[in-house]
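The next block holds one structure in the form of structure tokens; read it before the comments.
First the proteins, then the strands, lettered A, B, ... as listed; each starts at 1.
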2 protein chains.
Amino acid sequence: MLSIGDLSKRTGVKVPTIRYYEQMGLLAAAERSEGNQRRYERQDLERLAFIRHARDLGLDISAIRELIALSQHPHQPCGDVDRIAGDHLVSVREKIEKLKKLEQELERIVSHCNGDHAIEDCYVIRSLSDHGLCDGEH
Amino acid sequence: MLSIGDLSKRTGVKVPTIRYYEQMGLLAAAERSEGNQRRYERQDLERLAFIRHARDLGLDISAIRELIALSQHPHQPCGDVDRIAGDHLVSVREKIEKLKKLEQELERIVSHCNGDHAIEDCYVIRSLSDHGLCDGEH
DNA sequence: TATGTATCTCCAGAGACTATAGGTTTGGAG
DNA sequence: CTCCAAACCTATAGTCTCTGGAGATACATA
């Protein structure tokens, strides 16, 4: 039996965050000690690892809740699961595209600025003021 | 003189967001009509475009506040401006790297799942449960 | 037993908005 | 000029995913 602190150390998830996940219904309410402290088992450790992993991948709480619910009906076909992960893949790719454009623009902006001319001539400020100086759209 | 709604339409920034920016000190408190409604000029339109543009690039409110303050001392050298944009470029690059890892992992996960087998055998669920199945770190 | 660390609950805050409620002003049609 | 709908005002609360603190209780060790 693990305390909430043990669970926290083993998963890298902070203690208040574990309680938050419980409150959000991602973790089942843990058993309690006589003194009302949460006690966890290996199963909870795996569940929390699942949650952490899914969060790292950028899935939001409701998507994770959905996946957990689906995983508890193991004999249904997994189309929904596939859809959730697939949808997320699409949004990750979109984010990457956007950030790449930003990177290019920031590079361009910064490269014109060597830090030793006056602000009134600074390309950073001018670029931010005037979208027309941008190469692409964003 | 533009109303807040006009300003909103011209910049694509929602009305409550404009008021929020004023509250956060990014926009100066606007002049008011006799009936206490905000009235804007071209100058404000440019300022708001600056803010919108910087936000689109992912700069946060405090960075933008800093840039605005700097831009009001146009005869100082622009080293700080350069630093703010450069720092941001670094963080954008880091985000891109992380997202690319996620993309790879999601691709791998989804490619194993054709949607018609049972959830108990589903690679998505198993991958999320067991970090050990991942290729890289994240 | 005493002490120090860990845990409990509840509540507030962060960041960047967004939405609602209830009241006032504006601008155009009749 | 009057009327009405749309736009505006303020103030407040909610979103999402945590994170941190206060004050009280439990546990582990010397």
Side-chain angles (χ1 to χ4, degrees), chain A residues 1-41 44 47-68 88 91 95 98 102, chain B residues 1-27 29-41 44 47-68 84 87-88 91-92 95 98 102:
Chain A
M1 298 296 258
L2 304 167
S3 72
I4 197 169
D6 296 334
L7 195 64
S8 171
K9 270 168 218 142
R10 294 220 202 173
T11 58
V13 179
K14 289 183 183 164
V15 169
T17 306
I18 295 172
R19 290 195 276 250
Y20 170 73
Y21 288 156
E22 179 183 315
Q23 209 185 320
M24 293 297 101
L26 300 187
L27 287 171
E31 287 178 50
R32 298 294 179 121
S33 71
E34 293 204 355
N36 196 38
Q37 297 191 357
R38 289 170 180 83
R39 293 292 174 251
Y40 296 95
E41 302 178 56
D44 301 300
R47 166 69 65 89
L48 185 53
F50 175 105
I51 295 167
R52 183 71 261 158
H53 195 173
R55 285 291 301 132
D56 282 347
L57 290 171
L59 292 160
D60 65 16
I61 300 283
S62 68
I64 296 172
R65 199 159 24 216
E66 223 178 318
L67 286 176
I68 289 171
H88 193 59
S91 82
K95 267 187 205 163
K98 277 191 188 171
L102 301 192
Chain B
M1 297 297 257
L2 304 168
S3 72
I4 196 168
D6 296 334
L7 195 62
S8 170
K9 269 167 220 144
R10 294 222 201 171
T11 57
V13 178
K14 291 182 180 163
V15 169
T17 306
I18 295 173
R19 290 195 276 248
Y20 170 73
Y21 288 157
E22 179 183 314
Q23 210 185 318
M24 292 297 100
L26 299 187
L27 287 171
E31 286 178 52
R32 299 294 180 119
S33 71
E34 294 204 354
N36 196 36
Q37 298 191 357
R38 289 169 180 83
R39 292 293 174 251
Y40 296 95
E41 302 177 56
D44 300 299
R47 166 70 65 88
L48 185 53
F50 176 106
I51 295 167
R52 182 72 263 158
H53 194 174
R55 286 290 303 131
D56 283 346
L57 290 171
L59 292 160
D60 64 18
I61 301 282
S62 67
I64 296 171
R65 197 158 26 215
E66 224 179 317
L67 286 175
I68 289 172
I84 292 170
D87 284 356
H88 191 59
S91 81
V92 166
K95 265 188 208 162
K98 278 190 186 170
L102 301 191

Expressed as a whole number of angstroms, how long is the span from B:L48:CG to C:dC17:C1'? 14 Å
Measure the OG-CZ distance between A:S3 and A:R38 for me, rounded to the nearest 0.5 Å. 11.5 Å
The salt bridge (Lys or Arg N to Asp or Glu O under 4.0 Å) partners of B:R55 (sequence neighbours excluded) come to none
Quick one, which residues of residues 2-18 of chain B touch DNA chain D with a heavy atom under 4.0 Å? B:S3, B:I4, B:G5
Measure from CD on A:Q37 to P on C:dA6 and round the result to the nearest Å. 12 Å
Bounded by its outermost nucleotides with an atom under 4.0 Å from a heavy atom of chain A, the footprint on DNA chain D reads D:dT17 to D:dC27
Let me spell it out: for each of A:Y21 and A:R39, pick the nucleotide of DNA chain D with the closest heavy atom. Which residue's pick is nearer the 5' end? A:Y21
Give the minimum heavy-atom separation between B:L26 and B:R47, together with the two atoms involved. O-NH1, 2.8 Å
Contacts of type salt bridge (Lys or Arg N to Asp or Glu O under 4.0 Å), residue A:E31, not counting sequence neighbours: none
For residues 29-36 of chain A, which residues have at least one heavy atom under 4.0 Å from DNA chain C? A:R32, A:N36
Check residues 7-20 of chain A and write down every donor-acceptor pair under 3.5 Å in which the side-chain atom is one partner and the other belongs to a residue at least two apart or another chain.
{"residue": "A:S8", "atom": "OG", "partner": "A:V13", "partner atom": "O", "Å": "2.8"}
{"residue": "A:T11", "atom": "OG1", "partner": "A:L7", "partner atom": "O", "Å": "2.8"}
{"residue": "A:T11", "atom": "OG1", "partner": "A:V13", "partner atom": "N", "Å": "3.2"}

Measure the CD1-CG distance between B:I84 and B:D87 for me, rounded to the nearest 0.5 Å. 8.0 Å
Nearest whole angstrom, please: distance from the P of C:dA14 to the CD of B:Q23. 13 Å
In whole Å, I'd like the distance from the CZ atom of B:R38 to the P atom of C:dT25. 15 Å
Whole angstrom value for the distance that separates C1' of C:dA16 from CZ of B:R52: 10 Å
Kindly say whether B:E41 contributes a backbone atom to a donor-acceptor pair with the side chain of B:D44 at under 3.5 angstrom? yes
When rounded to whole Å, the CG to C1' distance for the pair B:L26 and C:dA16 reads 11 Å
Do B:Y40 and B:L48 touch side chain to side chain, with heavy atoms closer than 4.5 Å? no
B:R55 CZ to C:dA16 C1', straight-line distance once rounded to whole Å: 6 Å
Phosphate-side-chain proximity, A:R19 and C:dT9, N/O vs OP1/OP2 below 4.0 Å: no
Return the value, rounded to whole Å, for the distance between atom CD of B:E22 and atom P of C:dA16. 18 Å
